[in-house]
Amino acid sequence: MKLQLSIWAENLKSSGFRQPDPFAVVTIVPKELGAKPEIIGKTEIVPNTRSPDWTKIFIINDFQIGKSMNLAVSIYNGETSEKNKPMGSALFEVGKVLGSPGSIMGKEIKGGGLVVASVESAHDAGSVRFRLRALDLINTEGVMRKPDPFFELQRLRESASRVGSRVWDTVFRSTSIKNTLNPIWGESFLELSALCGLSPNQKFRLALYDFEESGNHVFMGEAKLTIDELVAAVADDGMSDSVPREKELKLKNAGKDAGGVIVVEAEVTKPETASDEALPLGSQEPLGAADEEEYELAGSSEEITVDPLDMKALIAPTFANYVSGGCQLHVMVAIDATATNGDPRQPTSLHSFQGKNDYQTVLETTCRVLAKYDSDQLYPVYGFGAKIDGKIDHCFHLSKDEKSVSGVDGILSTYDEKFKSGLIMSTPRDFSEVIRKCTDASLEELENGHAYSILLLFTNGTPADVSKSVEALMAADEAPLSIVVVGIGGGDFAMDCLVAEGNGGRDKVRFVQYTSVESDQDALAAAALDHIPEQLETYFQSHNLYPNPEKAIGEIVVEPYNEATDVNVPIQISDNGDPVVTGSVDSQANNGATTSAAGETKMQQMMNHGQTFLTKHKKQVGKVTRKFNLQAKKEIKKKFPQAKFFL
């Protein structure tokens with residue numbers, strides 16, 4: 001899965017007298033102790049601000065939901081007198097960001113301020129290389145001076161903070177050219193997915209500003225166009241003093257002419273696998289499909305009119321698009337309670353009480369990965385193959401009240417309580433009733449909006465009647481459901497027939513045996529879960545269900561600073577501004593990274609529940625209003641006296 005990461009920060013602290021000039025370096029922090037972090041990129045410097053909105057897009061290749069990936073964002077002050085002094089850092093687990101509301105997540109940094117990360121799908125839509133110049137711009141500086149123009153390319157998208165509101169989000173910012181009404185900018189390069197999202201024909205905004213040291217840049221004019229229109233506007237002999245102006249892009253400011261932009265060159269490079277075939281739209285109204293509407297200009301009170309977006313062509317959406325659009329993932333768990341597992345009171349039993357058994361290990365490993373994407377954190381936990389009230393039951397709740405349990409810890413404690421309660425384990429083994437139960441539940445969830453369910457079925461053997469379970473699997477073809485069968489123990493699992501026939505109508509079943517990957521927990525999760533994104537995409541697209549626009553959220557959850565997961569990547573900034581990793585991450589930071597990837601501790605869960613921040617869209621950063629649940633704080637302090645809060 002290919003993703004793109006964007007970052008911004010708010011209220012950074014600086015020891016200097018001047019406003020800082022922040023930039024950030026993003027690195028992949030390896031799980032292995034002693035391994036060197038890998039730099040994936042550096043942002044531009046945003047001068048004179050404590051709340052930088054960087055336009056640099058970082059591409060993350062080959063992300064898998066079953067494998068943890070930790071990214072460190074290290075911030076530095078590029079202001080001359082500070083000499084690239086560190087301003088703080090934050091560690092983000094990519095899957096956790098993707099699974100957060102709106103696929104946006106923030107973290108406090110040591111010393112004050114916060115960093116926010118946003119993840120979305122990066123389609124192989126190609127790239128555009130271009131060069132622009134402007135002629136006869138309006139003079140925003142009066143008679144004695146001339147402006148310092150720069151331009152931004154902005155993509156229309158849902159506001160992160162105001163439901164139903166749309167904003168122009170800057171995805172590219174040029175350098176400013178000093179003291180001129182006729183600037184010529186250098187060659188630029190941009191990924192099309194960052195500019196156009198799912199629609200190659202989506203209009204974007206070219207906006208010009210007069211650079212001001214204070215950061216309050218003066219709007220000079222705008223034009224709205226598509227990539228095709230940009231390429232068609234390439235001028236003949238665009239760099240000459242007498243360049244023909246019939247193809248120039250006319251700039252407007254409050255309805256008045258504001259000069260023109262000449263496209264000196266523009267070339268689109270498409271990937272070899274690109275397809276021009278348009279996909280049908282689902283029933284949901286695509287972003288911008290209505291008539292002309294008024295949209296708010298991000299970072300300004302100015303109102304502007306935007307043409308409707310052309311959504312006739314749509315790039316095939318990905319798992320990340322569905323999750324970012326608010327698709328709910330629901331995880332269901334089923335555990336084998338047949339007598340072949342052995343008496344839990346005996347050390348040889350697969351359900352043994354003596355130490356952590358294999359069922360507990362695999363439950364925790366797989367469920368913690370998927371928990372990042374399950375918004376309500378409520379899990380139905382079923383058993384099959386035991387006697388309940390004297391009768392064999394192939395689908396019963398493990399919880400006492402027969403309700404879903406809360407969190408991964410709830411799954412583990414419910415399992416522990418049930419198998420220590422004197423459960424009468426029996427035979428035969430039958431998957432069919434659990435599969436049918438979860439099939440019906442997944443269809444019910446879909447009626448409430450975009451939702452996809454995942455059944456994790458843990459067993460120590462093949463069902464007694466394979467054909468019966470195959471029938472149940474085939475009946476799930478039309479359900480938004482993936483089924484992962486995890487084999488526990490060293491038995492002979494004859495699952496080939498079950499998987500092959502169960503996938504006859506649609507790929508939805510995967511079998512993985514724990515003993516084959518038990519030495520590597522990441523390998524277990526990857527083997528069990530790596531197929532789920534493609535199965536989700538195939539199901540929704542085959543049913544003409546396409547992603548909603550990126551989910552608008554009123555609150556961005558910001559994790560408080562936690563020293564245990566803090567990371568200090570040893571980076572040296574060279575004289576020409578290039579970052580270089582000079583060593584490995586120390587053991588404490590590496591330990592924190594692993595903890596963050598594997599799952600939250602109880603303290604972190606309580607903190608996240610108790611503390612959220614209201615924040616504006618990243619183009620409207622300003623004062624952050626904090627709402628904190630004081631009762632939650634008291635509970636944390638009571639259970640964890642060493643907990644620190646930065647209020």
Candidate pair Tyr322 and Phe540, rule ring pair (Phe, Tyr, Trp, His ring centres under 6.0 Å), full reasoning:
CA-CA 9 Å; Tyr322 286 103; Phe540 281 135; 5.0 Å; yes
Pairing residues for [X] by the salt bridge (charged side-chain N to carboxylate O under 4.0 Å, His left out) criterion, not counting sequence neighbours:
| X | value |
| --- | --- |
| Lys85 | none |
| Arg510 | Asp530 |
| Glu265 | Arg129 |

So, [X] versus [Y], ring centres under 6.0 angstrom or not?
| X | Y | result |
| --- | --- | --- |
| Tyr209 | Phe151 | no |
| Phe319 | Phe63 | no |
| Phe172 | Phe189 | no |

Counting heavy atoms not belonging to Glu534, are there more than 12 under 6.0 Å from its CD?
no
Phe23/Val46 under side-chain contact (heavy atoms from CB on, under 4.5 Å): CA gap, chis, key distance, verdict
CA-CA 7 Å; Phe23 68 92; Val46 180; over 6 Å; no
Test item: [X] and [Y] side chains (from C-beta on) under 4.5 Å apart, heavy atoms:
| X | Y | value |
| --- | --- | --- |
| Val264 | Ile184 | no |
| Val94 | Val97 | no |
| Pro52 | Leu12 | yes |
| Val26 | Leu5 | yes |
| Ile571 | Tyr76 | yes |
| Tyr373 | Val331 | no |
| Ile60 | Leu71 | yes |

Shortest non-hydrogen contact between Asn77 and Asp21, atoms and distance:
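Minimum heavy-atom separation between Asn77 and Asp21: OD1-N, 2.9 Å.
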Which atom names give the shortest non-hydrogen contact between Asp507 and Gln535, and what distance separates them?
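Closest approach of Asp507 to Gln535, heavy atoms only: O-CG, 3.2 Å.
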Check this for me: does any side-chain nitrogen of one of [X] and [Y] sit under 4.0 Å from a carboxylate oxygen of the other?
| X | Y | result |
| --- | --- | --- |
| Glu93 | Lys372 | yes |
| Lys224 | Glu229 | no |
| Glu120 | Arg155 | yes |
| Glu38 | Lys36 | no |
| Glu187 | Arg131 | no |
| Lys56 | Glu44 | no |

Is NZ or CZ of Lys107 both nearer than 6.0 Å to the six-membered ring centre of Phe92 and within 45° of the ring axis?
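Yes, Lys107 and Phe92 form such a contact.
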Side chain to side chain contact (heavy atoms under 4.5 Å, CB included) against Ala122, all qualifying residues, sequence neighbours excluded
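Scan of Ala122 (side chain to side chain contact (heavy atoms under 4.5 Å, CB included), adjacent residues dropped) gives Lys2, Gln4, Ile59, Ser193.
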Taking only residues two or more places apart in sequence or in another chain, which ones pass side-chain hydrogen bond (donor to acceptor under 3.5 Å, both in side chains) with Thr43?
Trp54
Not counting sequence neighbours, which residues clear side-chain hydrogen bond (donor to acceptor under 3.5 Å, both in side chains) with Asp376? List them please.
none
